[in-house]
Structure formats: C-alpha cells, structure tokens
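Right, one structure below, let's go through it.
Just so it is clear: chains get the letters A, B, ... in the order the sequence lines come, proteins before strands, and each one is counted from 1. Both backbone and side-chain heavy atoms feed into the values below; hydrogens, waters and symmetry mates do not.
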Amino acid sequence: MSINLDKYTRAEMMIIATARQVRDGESCIVGMGPPLLSAALAKYHHAPNMWYCTESGPLDWIPTSRELPAPIGIADHSLTQGSAMSGDMVDALGAFVNGGWAQSAVLQAAQIDRFGNLNTMLAGTFEDPIRRLPGTGGNADIGASVERVISTMPLETRRFKERADFRTTAGYIDGPGGRAEAGLAPQGPNKCATTMCVFGFDTEDGGTTGSCEMVLERLFPGVSLEEVQTTIPWKLKVSQDLTYMDPPTEEELVLLRHLDDGGNHLIPGRY
Amino acid sequence: MSINLDKYTRAEMMIIATARQVRDGESCIVGMGPPLLSAALAKYHHAPNMWYCTESGPLDWIPTSRELPAPIGIADHSLTQGSAMSGDMVDALGAFVNGGWAQSAVLQAAQIDRFGNLNTMLAGTFEDPIRRLPGTGGNADIGASVERVISTMPLETRRFKERADFRTTAGYIDGPGGRAEAGLAPQGPNKCATTMCVFGFDTEDGGTTGSCEMVLERLFPGVSLEEVQTTIPWKLKVSQDLTYMDPPTEEELVLLRHLDDGGNHLIPGRY
Amino acid sequence: MMTAHEAVERFVNDGDTIYSGFNIISFALTNEIIRQGIKGLKAVAGSVTPNVTMMSIDGNVNRIETGYLSGTLRSKPFQEMMRDGRVKWNDYTNMTITLRLMAGGLGMPFICANSFLGTDYLLEETMNHSRSLKEDRKREDGSIAPPYAVIDSPFDGRKALLYPALKPDVAIVHCQRADEEGNVQVWGPQADTKWGLWSSKNVLVTAEEIVPRSVIATEPHFTIVPGFKVSAVIHEPWGSHPSGLNGYYRADREWAGLTGAGMTTWHGAREYLDEWVYGTKDHAGYIAKYKARFGEDLLDNLRVKDTMVPEQPARYGWR
Amino acid sequence: MMTAHEAVERFVNDGDTIYSGFNIISFALTNEIIRQGIKGLKAVAGSVTPNVTMMSIDGNVNRIETGYLSGTLRSKPFQEMMRDGRVKWNDYTNMTITLRLMAGGLGMPFICANSFLGTDYLLEETMNHSRSLKEDRKREDGSIAPPYAVIDSPFDGRKALLYPALKPDVAIVHCQRADEEGNVQVWGPQADTKWGLWSSKNVLVTAEEIVPRSVIATEPHFTIVPGFKVSAVIHEPWGSHPSGLNGYYRADREWAGLTGAGMTTWHGAREYLDEWVYGTKDHAGYIAKYKARFGEDLLDNLRVKDTMVPEQPARYGWR
C-alpha cells in the first residue's frame with residue numbers, strides 16, 4: 001500500500017507526536033481513547049520494550065499478532081494478549097500507579113491550564129455547567145503519583161485555559177511549590193501534544209522552581225507561532241529552542257492507520 | 001483395624017470435643033496445629049459442608065482423597081486440594097475474617113482467662129518474661145471480628161488465669177460491655193475445649209449482658225468437677241445443665257488417628 | 001441456584017446501594033431490576049456503565065458514586081436528569097472507588113489515597129454541590145459527613161486523604177463460570193469486580209456456564225469470591241450481552257444502533273425498554289427475541305473464535 | 001538474570017529492612033546474605049520463618065516486626081537474643097503486617113484494622129518495651145512515633161486503629177517460575193507474598209524454573225509482580241530447600257535433625273552455618289553437597305509425584 005505523506009490530518013499528527021513522547025523501556029499507564037492508540041503506535045514503532053499498562057489490570061500488553069487494531073478501552077479484552085500480568089484495578093492504579101512504579105502516563109483531557117492541570121469533569125461550574133463530562137476515571141489518581149505525564153488533546157481555545165474550569169488532575173497546580181504544598185511528589189518533565197504543536201513546562205525539577213508554565217517547544221509542519229498564540233488565552237511562553245517537529249514518516253502513518261482500524265479511535269473534538 | 005475405645009487419651013478427647021463444636025455448613029477460620037486437626041475431624045465426621053479456611057489463603061479445603069493426613073500448617077500445600085479459592089492473606093484474614101464472613105474460628109492458645117481473652121504472647125511480662133511465645137499469628141485479627149470462637153488447650157493451671165498474662169485476642173475483655181466499649185462487635189457463644197471438659201461463657205448476647213465469665217458445661221468421662229475446679233484459680237461457674245460428654249465413638253477415634261498421621265499433631269503441652 | 005427473577009425479588013430492595021461494575025456487566029440482572037420496577041437505587045462502581053443509564057430512565061437508579069460515567073452521557077435523558085437533580089451524585093475516581101470497595105470488603109472504616117490532593121475535588125462546592133449526595137451523608141446529629149477528608153497522619157504528621165468504605169447492599173455481576181455453591185470464577189481484566197463483590201452484603205451472579213465443583217477446584221486461582229459470600233447464582237448464557245465476556249463473546253457494537261439501547265433520546269429509550277426489557281419475560285426471552293429478529297448468525301458472529309492455550313500449564317501438587 | 005551472589009552484593013545493604021515471607025522462602029538468598037556478612041537487617045513478614053533464625057545468629061538480622069515467630073523460638077540462641085536485646089522487635093499480627101505491606105505497595109501512609117482493640121497490644125509497655133523498636137520510630141523532632149495509633153474517624157466519629165505502611169528496602173522470595181524480565185509466577189497458598197514484593201524497593205527472586213515470556217503470557221493470572229518491579233531474577237533449582245514449593249517438592253522435615261539447621265543450640269548453629277552455608281560457595285554447591293552427603297535419593301524423594309490437572313481449562317479469548 002502506498003501512502004500519501006502529504007495527506008495526513010492534524011489529528012493523525014497529534015497521535016504521532018504523542019507517541020513520540022513515549023520512551024522505550026519505561027513503564028507507562030495509558031488512558032482510554034487516543035492515548036491507547038498513541039501508546040500502541042509507540043510500542044509498534046520505537047518502544048517495543050515500553051511496559052504498556054492500563055488501569056483495569058492488564059500489565060504489559062505485547063501484541064502477539066499485528067493483525068489486530070489497537071485496544072479501544074482500558075478494559076479491552078485484547079489487552080490480555082501477551083501480557084505479563086492479569087491483575088485488577090488495585091494492582092494497576094493502586095500498586096503500579098499510586099505505589100510509584102509507573103514512570104509515565106498518556107492521558108487525554110477536555111482542558112489543560114497554564115500550569116498543566118487537567119480537567120475531565122465539566123465545562124462551566126457544578127451549579128451552572130455548560131457541559132458535564134464523564135469524570136476523571138483514573139486521571140486524578142495518575143496525576144497525583146506518576147512522574148511524567150503526557151497529555152494529548154486538540155488545540156482549541158475552549159480547551160486551553162488560564163485556569164481549568166475544574167482541576168481534576170494535579171499538574172503544577174498554582175505554579176512553583178504547588179505540588180509540594182499540596183503534599184504531592186514532583187512531576188515532570190510533562191508534555192502536552194496537540195493538533196498543532198507540543199508543549200513542555202518551564203520547570204527543571206518537577207515543580208519546585210521555574211515558572212511551571214506551559215512552554216511551546218515544537219510546532220507541527222505548516223503551523224505558525226501566531227496560530228498557536230491566537231488559540232491560547234494567555235501570553236504563551238516560547239522555548240528558546242523552538243523547532244518544527246518532523247512530519248510523520250511513512251512507517252508511522254502506515255502503522256497508525258492500521259492500528260486505528262478505519263478511524264475508530266481518531267475522534268478529535270469528541271469532548 | 002479394631003479400636004480399643006477404652007484406650008483413648010485426654011488429648012484425643014480434647015480434639016474430638018473441639019471438633020464437636022464445629023457445625024456443618026458454617027464458614028470457619030482454622031488456626032495452626034490442633035485446630036487444623038480438630039476441624040479436619042469435624043469435616044470428615046459430621047460437617048462435610050463446613051467451609052474450612054486458613055489464613056494463608058486457601059478457602060474451603062475439601063480433601064479429595066482420604067489417604068492424606070490433616071494439614072499441619074496454615075499454609076500447608078495440601079490445603080489446595082479441592083479448594084474453592086486460592087487467595088492470599090488479604091483475602092483470608094482481610095476479606096473473610098475482618099470483613100465479617102467467618103462464622104466461627106478454631107484457635108489454640110497458651111492461656112485463656114476468666115472472660116475468654118486468649119494469650120499467645122508470653123508468660124510473665126514483657127520486661128520479665130518467664131517464657132516468650134511465638135505471638136498471635138492471626139488470633140488477634142480473628143478475635144476482633146469472628147462471631148463464634150472455639151478455643152482449645154489442655155486444662156492446666158498455668159493456662160487458666162483470672163487475667164491472661166497478656167491479652168493478645170479479645171474475648172469479652174473485662175466483662176459485660178467490654179467489647180462494645182473497645183469498639184468491637186459482639187462475639188459468641190464462645191467455647192473452650194480442654195483435656196477435661198468444655199467451657200461456655202455466661203452471656204446470652206455475645207458480651208453485652210450476663211457475667212461473661214467462663215462456665216463449665218460438659219465434663220469428660222471420668223473427670224470430676226473437683227478435678228476441674230482445682231486447676232482453675234478462681235471460683236468456677238458451673239452450668240445448671242452440666243452433663244458428661246459422650247466418649248469418642250469408634251468412627252471418631254479411627255478418623256482422628258488416621259488424620260493425625262502417627263501423632264504429628266497431638267502435642268498437648270507444647271506451649 | 002435460582003432464576004434472575006427470584007434473585008432480584010428476594011435480594012434487591014428500593015433504596016439499596018448497588019454495585020455493578022466496570023467490566024463484566026450482568027445485563028440479565030439489570031433488565032430484571034428494570035422489569036421489577038425497583039426504585040431509588042444508588043449505583044456505585046469505579047466506572048458506571050450503560051446499564052446504569054438504562055436503570056436511570058424509570059428511576060431505578062437515582063444516585064451515583066463513581067469515578068467515570070462510561071458511555072452514560074451519550075444519553076440525553078441521563079444528561080437531563082443529572083442537570084435537574086433527578087439523578088444525584090458525588091465524584092470519585094476509578095482507584096478511590098475501587099479502594100473504597102476494598103475497604104468495605106476488608107471491614108475497614110476508611111482508606112487512604114492521594115488522588116485529590118491539589119485538585120478542585122477538595123472544594124466545598126464540589127463535595128456538597130446542590131445535586132450531591134449530602135442527604136445520604138447525614139449523621140445522627142444532623143451534620144453532614146464529608147465525602148472524603150484530610151487529616152494529619154499520627155505517624156509522621158503529613159497530610160493524608162481518607163475515603164470512607166463502601167458497603168453496597170447488593171452486587172450484580174456476570175461471570176465466565178460458577179458452580180452451584182456460588183464459587184465465582186473470572187478471567188481477563190478485572191477492574192473493581194473482586195472488591196465490588198466482597199464488599200456487598202448480597203452478591204447476585206449470573207454465570208455463562210455452571211460447572212461442577214471439581215472444575216473450580218482444579219483451577220482455584222480463578223475464583224474471585226467463594227460461595228459462602230454469594231446469595232444467588234443464576235445460569236444465564238449470553239448474560240452480559242450486549243457487552244462482551246472474555247473467552248466467550250465480543251461486545252455487540254451494532255446493538256445500540258439497531259435497537260436504541262444507547263438511550264440517546266427519551267423516545268428511543270422508552271421504545272427500547274418497552275420492547276426489549278418489559279417486552280421480554282427474562283434473559284432467555286431477550287436472547288430468543290434477538291435471534292428471531294436478527295437471525296442467529298448475528299449473535300453467533302460475536303462468539304470468540306480463537307482462544308488462548310497455556311503453553312506450559314502450571315501444576316499444583318503437594319505429595 | 002544474575003547470580004545470587006551478585007544480587008545480594010548489589011541490592012542488600014547493612015541496616016536494610018528486608019521482607020522474607022511466610023510461605024515461599026528463598027534459602028538460596030538467605031544463605032548468600034549470611035555468606036556476605038550483611039549486618040543489622042530488620043526482618044518483616046506476617047510470620048517470620050526459620051531462615052530468619054539463621055540470619056540472626058551472626059547479627060545479619062537484629063530487628064523484627066512480625067505477627068508470628070514461626071519455628072524461630074525452637075532456637076535457644078534466638079530466645080537468648082530476644083531476652084538480652086541483641087534482637088529487638090515489635091509485635092503485630094499476620095493480617096496487620098500483610099496490610100501494612102499492602103499499604104506500602106499501594107503508596108498509602110497507613111491502613112486501618114481492628115485487630116488490637118480490646119487487647120494488651122495497646123498498652124504503652126507493649127508498644128515501647130525495653131527491647132522494642134523505639135529507635136527506628138524516632139521522628140525528626142526526637143519524639144517517638146507509635147507503632148500503631150487510635151484516632152476518631154472523621155466520617156462517623158468511631159474509633160479507628162491505624163497501622164503505618166511498611167516499605168522494606170529489599171524483598172527476597174523463591175517462586176515456581178519467572179522469565180528473564182522478572183515476571184514472577186506463584187501458585188498455592190500465598191499469604192503475604194504479593195504485597196511483600198510490591199512494597200519493597202528492590203525485589204530479589206530465585207526461581208525454580210526460568211521460562212520464556214510466552215509461558216508467562218498464556219497464564220498471566222499467576223503473575224504476582226511484573227518484571228519492571230523486580231531487581232534481580234536468579235535461576236535456582238531447589239532454591240527454597242529445606243522448605244517446600246507447591247507443585248515441585250515437599251519440605252525436608254528430616255533436614256534440621258540431620259544437620260542442626262534448626263539452630264537449637266549455639267554450637268549446633270555454628271556447625272551448621274560453617275558447614276552448609278559458609279562451607280558452600282552457592283546454592284548449587286549446597287545442593288551438590290547434600291547429594292554427596294546423603295545421596296540423590298533423599299532429595300529426589302521430596303519431589304511431588306502427583307500434580308493437579310485442570311479439569312476444564314479456562315480459556316482467554318478476544319476475537
């Protein structure tokens with residue numbers, strides 16, 4: 001099958017950019033939806049020894065056949081394929097995540113704020129919700145304990161907030177020292193991969209010093225700094241090393257489209 | 001094999017008397033040593049549907065072959081035989097016992113006191129121990145949560161105390177209301193089977209009213225009330241319905257001697 | 001052994017707290033609860049699933065404690081009821097609900113987890129919002145217990161966040177197999193199931209297969225809850241349809257589209273419930289109706305075709 | 001994959017807290033710890049077992065937190081050391097130690113259990129007796145943290161008894177099988193093993209068999225701790241001898257009588273350690289010496305002859 005490399009979507013680039021943040025050999029807790037697809041792409045592409053774990057209990061999915069699409073849900077039965085351990089949520093969220101053994105996480109969210117806090121609860125307020133969302137699932141559990149959080153969501157003004165409408169998942173909270181004051185361990189370096197770019201956060205030590213603000217690190221091909229800034233409601237910090245991200249390789253695109261099984265996963269704007 | 005019914009020991013009678021307290025159909029947590037043997041005898045003899053569980057995780061041992069002796073330890077591998085569930089200590093002591101699903105328990109102890117508290121910790125005091133014992137194992141966990149505790153030990157003065165040298169396992173504590181005041185649920189009717197007799201406790205409602213004292217209920221054949229009273233250091237309560245316990249049946253003795261595998265378990269006075 | 005009808009009649013009461021989890025849903029028991037018109041249930045689970053949407057339409061469920069509304073917000077009726085307070089709730093997480101169930105199962109009054117430190121869950125307006133479960137948390141003296149609380153640890157003085165134990169009145173679940181005594185065996189991703197069952201006073205289980213005790217006893221590691229803990233075991237083939245069952249069948253992804261089972265509109269929900277739930281006597285009737293309407297093939301196509309064989313089976317042995 | 005020598009050298013340090021539990025004892029690693037002369041370990045487990053007696057003779061272990069001294073008091077040297085304070089300890093129970101390990105594994109600061117309500121464990125003279133672990137519980141400000149504490153529940157005001165989490169530095173265990181990545185599989189009565197491993201910073205595992213990942217993956221329910229949690233996996237046939245291993249061999253009940261492994265006297269203990277521990281290079285050497293001394297038959301007779309076959313094997317499947 002020949003792939004037209006010019007014809008990839010920004011949603012596809014988001015999944016690929018997310019996958020590129022996942023490192024080989026690390027243990028990773030993967031959230032439902034696009035994160036499952038991104039992490040599966042990473043596992044097939046450059047991180048075969050990443051421990052791919054989901055919160056319902058399967059630890060270290062290794063697809064034994066490349067015929068199947070990526071798992072859809074965090075309790076997808078196919079996650080048993082090749083897995084090292086078939087546990088439950090006490091094992092996966094309790095021992096693996098809260099116990100401190102998950103080195104990274106891939107999560108989706110409806111909103112992220114300037115300090116990397118995630119929102120999967122609602123738009124608006126509890127008393128006057130614009131929209132109620134499904135809730136945190138395991139995101140709050142993960143934000144409290146996992147070292148390195150990779151979040152992924154389309155770049156849209158309603159999703160990027162100076163302060164999230166509801167902080168379900170602690171990032172750097174209110175800035176430097178926020179995590180320590182709340183009683184949480186350091187976290188980072190966190191990333192947020194979007195449909196236009198990848199952000200990092202301005203803290204060298206996981207939330208103790210630096211501004212802890214979101215920093216633009218990589219632009220996708222064809223996206224301008226202005227286009228990103230227009231979408232973000234605060235004056236965005238830009239990395240001194242801002243560069244363009246490489247476009248998808250043929251291998252990435254072929255794998256992604258196979259794993260996506262005809263578009264079951266790529267549902268940008270679903271929230 | 002012909003059994004001489006006159007030639008049974010008091011230790012054998014103790015095991016048999018203990019077994020007779022175990023009811024068919026109930027769920028029972030069984031402690032190591034003589035309790036394992038007593039409960040095994042009950043299961044073979046009159047309580048085939050008793051759920052025989054031990055604290056290391058095997059729930060509902062059903063011996064599939066009568067060739068084997070009774071289990072020796074609470075983690076004996078043969079407890080897997082026919083079992084309904086192979087769990088761990090969180091399942092067995094946590095969910096089954098502390099969760100309130102064990103209806104009865106069979107326990108040994110070094111001492112018991114007037115109010116049914118058990119001691120498996122030491123003789124003497126911490127600072128001046130006459131003898132240090134192995135500790136509580138699961139007995140304290142069980143005393144806190146199980147409805148009906150059947151304890152078993154030889155009738156010896158050093159074992160029957162006005163107040164146990166150390167209360168490892170709550171019975172009725174200091175008397176009526178003791179359990180409620182300590183924050184524990186009611187317990188009873190408890191029994192203590194010895195080498196001479198079986199005791200109950202004077203409380204109709206598991207420790208709220210009555211004196212909560214030990215009461216002599218059944219004498220073994222050939223044992224006199226005086227012999228028992230001489231061994232007990234306080235003025236013993238005697239049931240109005242005091243009767244003699246039936247001697248071992250041939251079936252009980254044959255089963256017991258088979259299960260005991262040549263005397264591995266019957267170790268009266270071991271503490 | 002009894003029927004789903006008898007089990008629900010005997011063990012599910014108006015106002016009960018019901019655990020129905022995450023991963024192995026008993027639609028057989030769900031539909032029976034709807035048929036019998038049980039009212040005012042509180043649903044608890046790490047994630048509540050579309051069967052809870054169904055049970056909310058006629059008020060079978062009107063209260064929820066969960067970490068995730070899985071698929072339920074696709075239902076406009078459900079969204080509406082959350083907005084106007086016909087459904088009340090407090091929010092937790094997948095882990096904290098699982099740990100609360102575990103605490104209930106282990107006889108603990110509460111359990112510790114960091115999850116809400118540094119988040120808006122700790123705001124008064126989150127804990128006691130106008131449609132929250134304040135009333136359920138009323139103490140004898142009239143004060144309202146918090147849904148979770150921060151204390152200082154007596155050991156090191158650091159902040160610790162406590163969550164109260166959950167002890168549901170009744171749990172419903174579908175499992176791969178059980179025996180007549182109610183020993184329940186499950187395999188595959190387990191989520192919160194084990195502790196949902198251990199924490200609940202009454203456990204109602206539908207089983208895809210009923211097997212002899214000897215089958216259970218030669219693989220005792222698959223048992224998640226033993227028979228003395230189970231109030232009713234019911235033989236219900238396809239008991240989790242339209243959701244799936246590891247080793248037996250996949251989820252029926254066409255079902256909501258074909259029938260309106262997604263509860264997306266009031267009208268569609270009404271029609272689905274009238275036809276497929278009230279309009280069938282029991283789960284066997286529901287499956288028979290499915291076959292009559294869509295043909296046996298559609299159902300048969302859901303069956304798992306390849307199953308996994310142990311490469312070097314573990315062997316227990318003791319002599 | 002490494003040798004027991006390398007694993008102990010790299011991961012066991014003087015003064016460490018070490019979990020060695022209950023049911024599947026790695027005598028291979030125990031003996032290596034003694035050979036390397038590690039000092040001042042604190043042993044924790046639901047029940048500590050005779051390998052802890054051995055490790056106490058030369059001061060490898062001098063502190064204990066446990067619910068039960070299983071077999072260790074048969075040793076007069078051990079009794080003596082408990083009396084004169086060479087061994088210090090605090091007493092818990094099988095369940096409370098298991099829950100403390102679970103709390104450590106789950107990242108909780110403490111966990112709740114009723115076990116000591118109404119008992120003498122709550123007396124000051126029990127918690128802080130003269131040979132207790134007060135020093136280990138010293139806070140930064142010099143005060144002594146309690147070994148467990150009663151608080152009032154913030155939810156219902158009732159008494160709740162808290163036990164602090166245990167987070168050992170290192171765990172040693174023997175398992176039936178593991179793969180090279182360190183995925184550890186165990187079957188049979190499990191006691192506190194799983195949480196002993198999850199709670200420990202470094203996990204050292206000897207395995208009776210090393211199997212390919214595919215063996216693990218076709219029976220993933222036997223895995224109690226995954227490879228990313230394991231620091232060293234070591235292939236050691238007969239690694240738990242003289243204790244037993246479900247499915248492989250029975251405990252060697254003659255051993256203590258034959259060799260003095262029971263540590264009943266100082267002299268016997270010294271002779272046993274000199275000959276069978278210091279006098280062997282590694283566990284393979286120990287087993288070779290056993291065979292040379294007593295003949296192969298004695299060891300072979302311990303092998304389990306009958307093993308249990310699943311009557312109707314559970315099948316995972318997803319498509």
- Of the backbone (N, CA, C, O) and the side chain (C-beta and beyond), which part of D/Leu162 lies under 4.5 Å from a heavy atom of chain C, both, or neither? both
- Please determine if C/Arg139 and D/Asp156 form a salt bridge, counting it only when a charged side-chain N lies under 4.0 Å from a carboxylate O. no
- Quick one: are D/Phe155 and C/Pro109 in side-chain contact, heavy atoms under 4.5 Å? no
- Query: Is it the backbone or the side chain of D/Pro220 that comes under 4.5 Å from a heavy atom of chain C, or both, or neither?
  - Reply: side chain
- Item | D/Asp306/C/Arg319 under side-chain contact (heavy atoms from CB on, under 4.5 Å): CA gap, chis, key distance, verdict | CA-CA 6 Å; D/Asp306 302 335; C/Arg319 63 163 173 178; 3.3 Å; yes
- Looking at C/Ser143, C/Ala145, C/Cys112, C/Ala113, which has the largest count of heavy-atom pairs under 4.5 Å with chain D? C/Cys112
- Query: Counting heavy-atom pairs under 4.5 Å to chain C, which of D/Tyr249, D/Trp187, D/Phe110 comes out on top?
  - Reply: D/Trp187
- Message: How long is the straight-line distance from CZ of C/Arg315 back to OH of D/Tyr248, given to the nearest 0.5 Å?
- Response: 10.0 Å
- Note on the structure: Looking only at D/Ala314, D/Gly188, D/Gly157, most heavy-atom pairs under 4.5 Å shared with chain C are made by D/Ala314
- Among the listed options C/Ala103, C/Ala149, C/Gly107, C/Pro147, the residue most often paired with chain D at heavy-atom distances under 4.5 Å: C/Ala149
- Task: Tell me, for D/Arg177 versus chain C, whether the close heavy atoms (under 4.5 Å) come from the side chain, the backbone, both or neither.
- Result: side chain
- Item | Heavy atoms of other groups near C/Lys134 NZ, more than 12 under 6.0 Å | yes
- Residue D/Leu99 versus chain C: region with a heavy atom under 4.5 Å: side chain
- Item | Part of D/Ala217 lying under 4.5 Å from any heavy atom of chain C | backbone
- Message: Could you measure the distance from the CE atom of D/Met108 to the OG atom of C/Ser153? Nearest 0.5 Å is fine.
- Response: 13.5 Å
- Task: Show your reasoning for whether side-chain contact (heavy atoms from CB on, under 4.5 Å) applies to D/His221 and C/Gln190.
- Result: CA-CA 11 Å; D/His221 43 274; C/Gln190 311 242 346; over 6 Å; no
- Parallel, tilted or perpendicular: rings of D/Phe222 and C/Tyr316 (30°, 60°): perpendicular
- Message: For a quick test of reading the model, state the closest non-hydrogen atom pair linking C/Pro154 to D/Ile151 and the distance between them.
- Response: CG-CG2, 4.2 Å
- Item | Polar side chain donor-acceptor pair, C/Thr218 to D/Glu311, under 3.5 angstrom | no
- Residue D/Val309 versus chain C: region with a heavy atom under 4.5 Å: both
- Task: Determine whether C/Gln312 and D/Glu209 make a side-chain contact, defined as any pair of heavy atoms from C-beta on separated by less than 4.5 Å.
- Result: yes
- Can you see which heavy atom on D/Trp318 is nearest to which on C/Met308, and at what distance? CH2-SD, 3.8 Å
- Task: Could you tell me whether the side chain of D/Ile111 reaches within less than 4.5 Å of the side chain of C/Leu106, counting heavy atoms only?
- Result: no
